[in-house]
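Note that these values count all heavy atoms, side chains included, but never hydrogens, waters or copies made by symmetry. Along the sequence shown, residues carry numbers from 1.
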Amino acid sequence: MHSNKTALKLTAIAAAVLAMSHATANAQAQEPVAETQTVVVTGLRASLESALNAKRTENSIVDVVKAEDIGKFPDTNLAESLQRVPGVAIDRDAGEGRSITVRGLGQDFTRVRINGIEALATTGGSDNSGGTNRGRGFDFNVFASELFSSLTVRKSSAAEVEEGSLGATVDLQTMRPFDLSKRGFNATAMLKGRYNDLSEKSDPRGAFMISDTFNNNTMGYLVSVAWGKRNLYEDGFSTGRWDNGPSVGGWCAPMGVGTSTSTTCGPTTPGFPASQRLPGTPENIAAYNAASDPNNYHPRFPRYGRMVHEQERLGITGSFEWKPQRGTRLSLDMLYADLDATREENYIEGFSFSRNLSSGGKPQTSVVDVQYDALGRMTYGVFNGVDIRSESRYDEMQTKFFQPTLNLSHQINEDWRLTAALGHAKSKFENPIQTTVTLDAPNVNGYTVDFRESGRLPVITYPFDVTKAGVLGIYGVPAGATSAANALPSEIRIRPAGTDNTNDVFSTDLAWRATDTWTFKGGVNLKRYKFNTWESRRANTAETIYGLPAGTDVNGLASVLSGFGPGQDLPAGNATSWVMPNIKAITSLYDAYCNCLKTGPAGGPGDFTLTSLSNTSARGNNRAITERDNGVYLQGDFDAELWGLPVRGNVGGRYVKTKLTATGYVATGGGTPVTVENEYNDFLPAFNVTANVTPDFLVRLAAAKVMSRPPLGNLNPGGTVSTVGALGISSGNPLLEPFRAKTFDASFEYYFPNKAFVGVGLFQKNIASYVQGVRESMPYNQTGLPLSLLPSNFTGTEMFDVTSFRNTPGGKLRGVELNYQQPFTFLPAWGRNFGLIANYTKVSSKIDYIISATTANSGTVRNELVNLSPKSWNTTLYYDDGKFSARLTGAYRSAYLQTVPAQNNNDVAGKNETTNVDLSLSYKLNDKVEFTFEGVNLTNESSDQYVGSVRNSVNVLNVTGREYLLGVRYKF
């Protein structure tokens, strides 16, 4: 992190731009200023009215969020601002909004345009939050909210709006000089301090904006900069999903049960003491039989852990506008964003339950005592022969985003108007350091997991002191060997990765006002999209290491995590401190970053060479896609009367041709490149009509055919074989057809004279073509892939999750939105300055999911669409008297599915409901100075993920704490 250098750069930029601004203002002081019509918009209430007016005048169904000045968005994060819109729900990473779902359709179905140009910004995240974004979804946490002046969510389609969305098109607009109500020189600076009550750390956040218009208000420029740091903890419990009794080879049977020691409990060699195999007593046999029941489930690697997030976010915008004559406007907009982040993860875990015999896992674990509830959830268990691990991971991540955009609008004459846009948007994500190191204690007796007090936070006890190195140490491969006996050795995982997304866009539109009723439009849109992602891993695909050199003290390779658990109701008896590996010391001892063979055979524990295409685990994340999307459209806008009612809207069609070139790598030949081309065409008609039943009551109807291109990961013509952690094989399908649907919308809107509003929206999407990931569990030796792709200690009988993708019929999605906005101007003086904003959305869908990709007539399972929350609401109670302003906001999202079907014999995986409560206060000391206070996540809401639709077994339960921001804004 380089905050000091960044701060110096910001100071220099501010000083230079201020000097230039004052010089320009002085130079223009003698020039006459043209008279202009302006509308002064100030305060929270006025921003709401401005957004409502924008919604009212649109021909399509849209929702708008406005900011009157820099730093005046209703939230510190763009995604959290968007969730104020009916039908929009968000997903969080590290406690802040990262992605959105619109009307039940996830981030891959939503297009985002910045300053009119389609863009895609991606970053990395923890595995629990989706990891590195290698898809089409937009990561809103890349940008500071202070940089933007408006957000528009376009829910109905029009021919003039580019294709690519089933959910919505979201327009993000940075601030421009002529957007400000006051012409001439403007400058605003803002400084905030942020405090997190879980990490107990404080961080700065600041922004400034400088703008000026000159040359008789025909030219103007605006520069804004936003910078901030964020340090927080993410504490919680996770399980790596749940699995049933017979999985990965089953449990170690008591004496006299099963076949023999060698096939039931592993080799009879040192390292697996005979005491770990239990006597064949009735109690032991009963516990073994209960644990082996396929209807009973256990956590795969129960663990408590802490993530330490550090982020530094910089954003810069620049805008120049020129109005050379009436009806002509030229704008050049620049946007730059830089998100630097580190994440350290530390876990204490028992991981035998997820491993097979060749990894020294579950078949070597004896069940001493176990209890299950009526749903098959393990509530209590005592086990012998458990491998205990302290695991630490460290990531360094950076996203750089750059977008220049040139827009032209020219009124050729009274009836003809030309508009054109040219833009380039590039997002570059790099994860150059991703390192995981472990300390291990193999085959430990007396490990206990107890859910009886809490179904989400168990009491986990260890039969040794987890705060001291010794029992937990480097359990490495013996010198001269390639594997360790009866346990998975300690590991050093090194997995650098990166992802680039580039959009080059050109569009031009011509509008002809043919009559007082009709205006006809036509245009061309050309886009070239390039995606490239890469990953490297060690040539030793098991990522194991040799034992410690003679004379090395493990205490010098470890440190202690302390103070865990204050942010959640952690049951007594859990470890709040534990020894963790010192990543820097261990990687230095082994020279793990040498990218070389240190000792031993190639591909062995001493090989730290990084490979990519030849690496069976990394190969699938080395791929590239180029898409050329060429579209043309014709549209007629109308404004007339029908049966005495004012009616306006548009009707038209868009024709688009998509040409795809996908490159990936198959398993043969150590990574053979393969390139596949695909091409498809779509004609997309669209219709929108708005009828003014009364001057204040509007009825809108819309219908369209829409399409959304398949997720990028599904198009990979190659594949990957994962032999570390969850065993899996994944292959893509570049010949997939896009998602296609017919959409129908109706909106009933009443605008009260006092700037109040009530609306009801109905929508239905008939999804005719869906893209589904299909998963099946099978032994590796039945996949048709060569055994040479597996590590030497694998036999080929290990069970792998095999995933592929195909088009399926889809299903219907229906929903209703209720929207209410009311300033309480009808109340007496004490209540006139209060107001309420509230919305509620209910969505339902039924999708037929194929159960197996390879088994004929395998059938389907019907369930909700993934990422769809059946219910969501958002409400804000506010007060604004022009001097003091306050907002209390609640946002609710009901439980939703994330994966269907899920891994490890689970039918689904999903996320439970959340309710987030935020507070914002501001006080204007005078026209120049304003003080602010914000409270974010006041209830310390947890991120609660689950597996199993009936069991709802905990997968992740993390908290990030409450955040408080105190700030001051100054207007020059």
Side-chain angles (χ1 to χ4, degrees), residues 127-128 237-252 265-266 291-292 294 296-305 345 347-367 370 376-378 381 383-391 393 436 438 440-444 447-449 451 458 460 462 475 484 486-491 493 541-544 617 721-729 775 777-780 790-791 793-795 797-803 899 902-906 909 945-948 951 953-956:
D127 291 343
N128 297 334
F237 171 72
S238 57
T239 61
R241 299 178 300 276
W242 290 52
D243 210 343
N244 66 8
S247 67
V248 292
W251 306 95
C252 174
C265 299
S292 301
N296 287 337
Y297 283 72
H298 60 83
R300 294 177 65 246
F301 42 89
R303 63 185 186 178
Y304 280 100
E345 304 178 39
Y347 303 100
I348 182 75
E349 60 196 14
F351 70 100
S352 295
F353 309 137
S354 67
R355 306 283 174 158
N356 53 35
L357 177 62
S358 59
S359 298
K362 185 173 167 182
Q364 293 185 0
T365 299
S366 296
V367 184
V370 69
R377 291 177 295 202
M378 189 189 82
F383 305 92
N384 285 351
V386 178
D387 298 334
I388 308 299
R389 167 167 284 183
S390 178
E391 177 179 327
R393 171 175 161 177
T436 302
T438 68
D440 293 273
N443 300 322
V444 171
Y447 175 74
T448 303
V449 181
F451 285 96
I460 301 178
Y462 304 87
Y475 178 78
N486 303 314
L488 189 68
S490 299
E491 302 173 39
R493 305 175 198 157
T541 55
E543 300 179 296
T544 54
S617 297
V721 180
S722 178
T723 58
V724 176
L727 305 182
I729 299 170
R775 183 179 290 111
S777 185
M778 65 173 63
Y780 181 87
L790 298 179
N793 60 331
F794 278 51
T795 64
T797 60
E798 294 82 4
M799 298 297 292
F800 278 70
D801 279 326
V802 181
T803 304
T899 308
Q903 296 170 276
N904 308 110
N905 301 298
N906 294 284
Q945 300 177 35
Y946 70 91
V947 290
R951 298 189 326 274
S953 299
V954 58
N955 188 24
V956 177

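Judged by distance alone, with hydrogens and angles left aside, the side-chain atoms of Lys362 form no donor-acceptor pair with the main-chain N or O of Arg300 at under 3.5 Å. Tyr780 places no side-chain N or O within 3.5 Å of a backbone atom of Ile729 that could act as its donor or acceptor partner. Distance alone, capped at 3.5 Å, places no donor-acceptor pair between the Tyr462 side chain and the Gly350 backbone. A donor-acceptor contact shorter than 3.5 Å is absent between the side chain of Trp242 and the backbone of Asn296. The main-chain N or O of Glu345 is never found under 3.5 Å from a side-chain atom of Arg393 such that the two would form a donor-acceptor pair. Remark: side-chain polar atoms of Thr436 are not paired, donor with acceptor, to backbone N or O of Glu391 under 3.5 angstrom.
Distance check, rounded to the nearest 0.5 Å: CD1 of Ile460 to CD1 of Ile348 gives 9.0 Å. Between the OG1 atom of Thr797 and the CG atom of Leu357 there is a distance of 8.0 Å, given to the nearest 0.5 Å. Residue Asn906 holds its CG atom at 8.5 Å from CG of Asn244, rounded to the nearest 0.5 Å. Summarising the geometry, atom OG1 belonging to Thr438 is positioned 13.0 Å from atom CD1 belonging to Ile388; distances are rounded to the nearest 0.5 Å. Atom CZ of Arg493 and atom CD of Glu543 lie 6.5 Å apart (nearest 0.5 Å). For the atom pair CZ (Arg355) and CZ (Phe301), the distance works out to 7.5 Å, reported to the nearest 0.5 Å.
In this structure, Ser352 and Trp251 have side chains that are not in contact, with every pair of non-hydrogen atoms separated by 4.5 Å or more. At least one side-chain heavy atom of Asp440 sits less than 4.5 Å from a side-chain heavy atom of Phe351. Put simply, the side chain of Thr365 does not reach to within 4.5 Å of the side chain of Tyr447, judged on heavy atoms. Looking at Thr239 and Ser953, their side chains never come closer than 4.5 Å, going by heavy atoms from C-beta outward. Contact of the Val449 side chain with the His298 side chain is not registered, since no non-hydrogen atoms from C-beta on lie closer than 4.5 Å. Two residues are said to be in side-chain contact when any heavy atoms from C-beta on lie closer than 4.5 Å; Arg241 and Thr899 fail this criterion. At least one side-chain heavy atom of Ser238 sits under 4.5 Å from a side-chain heavy atom of Arg303. Looking at Asp387 and Asn443, their side chains come closer than 4.5 Å, going by heavy atoms from C-beta outward.
Aromatic ring orientation, Phe451 versus Phe237: perpendicular (interplanar angle above 60°, classes split at 30° and 60°).
Summarising the geometry of Pro246 relative to Pro294, their closest heavy-atom pair is CD-CA, 3.6 Å, with the distance given to 0.1 Å. The minimum heavy-atom distance linking Pro299 with Met378 is given by the pair CD-CE, 3.9 Å. Across every non-hydrogen atom of Ala484 and Tyr475, the tightest pair is CB-CE2, 3.7 Å.
Judged as a salt bridge (charged side-chain N to carboxylate O under 4.0 Å, His left out), and not counting sequence neighbours, Glu798 has no contacts.
Taking the centre of each ring, Phe383 and Phe353 come in below the 6.0 Å mark.
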